[in-house]
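In each ligand, atom 1 is the first atom listed, and ligand 1 is the first ligand listed. Here the structure is a predicted model, which means the values were calculated and not measured. Along the sequence shown, residues are numbered consecutively beginning with 1.
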Amino acid sequence: MMKLALQPLTREAFKPFGDVVETEGATHFPINNGTTTRFHDLAALQFSGSNAKPIVSIFRGQAFTLPLEITMMEHHPYGSQLFMPLSGHPYVVVVAPKGELQPQQIQAFLATGQQGVNYHSGVWHHPLISLEASSDFLIVDRAGEEANCIEQDLNQSILLEF
Ligand SMILES: NC(=O)N[C@@H](O)C(=O)O
Ligand code: NI
């Protein structure tokens, strides 16, 4: 079985797959008469298709432990999908470039409980993998007429490990 070690999540490393939503390194400026800092324009939200609109949801993900075997990936052709942790626990982000799913191009990241991710439309990813405890995430993704979740089994499962 192919093994895949987690790498730290950084804006730079994640650039080919989407956006990291965090204050570190973000454009920011004071608002509300200096009482608030605005960390500005952190994610490129994408919505397409018939009657497409952005929607906000909350996902409550069960906790997983590593090592963890994964057997599939998915993507959303008609929109981006943003996960922002609300519970402060770390989670695992597994991605591959849009287009043909190539197992050797799959990368895995360890996200802190203060980092959100925004998968760009078409980017392959694994469904939510929360760590440590059941965790809530604020989700911004797309609703519309076309089916927007394409799943694909991996020919060979992958073992995620720290
Ligand atoms: N299916 C669904 O709404 N969730 C997945 O897209 C996911 O990335 O967790
Ligand atoms: Ni998804």
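- Taken to the nearest 0.5 Å, the CG atom of Leu154 stands 8.5 Å off from the CE atom of Met72.
- For ligand 1, the protein residues placed under 4.0 Å by at least one non-hydrogen atom are Phe59, Glu74, His76, Gln81, Phe83, His125, Pro127, Leu128.
- Around CG of Asn32, the count of heavy atoms belonging to other residues, nucleotides or ligands within 6.0 Å exceeds 12.
- Gln114 and Met84 get closest at one heavy-atom pair: O-CE, 3.8 Å.
- Ordered by chain and number, Glu74 OE2, His76 NE2, Gln81 OE1, His125 NE2 make up the set of protein N, O or S atoms under 2.8 Å of the Ni ion (ligand 2).
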*Kindly indicate, with the supporting measurements, whether the criterion ring pair (Phe, Tyr, Trp, His ring centres under 6.0 Å) is fulfilled by Tyr91 and Phe137.*
CA-CA 10 Å; Tyr91 60 108; Phe137 291 76; 4.9 Å; yes
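- With 3.5 Å as the limit, one finds a donor-acceptor pair spanning the side chains of Gln7 and Gln107.
- Tyr119 contributes atom OH, which lies 14.5 Å from atom NE2 of His75 (distance to the nearest 0.5 angstrom).
- Ring-plane geometry between His125 and His76 is classed as tilted, the angle between the planes lying from 30 to 60 degrees on a 0 to 90 degree scale.
- Within the 4.5 Å cutoff, side-chain heavy atoms of Val21 are placed close to those of Leu82.
- How far OG of Ser157 is from CG of Leu68: 10.5 Å, rounded to the nearest 0.5 Å.
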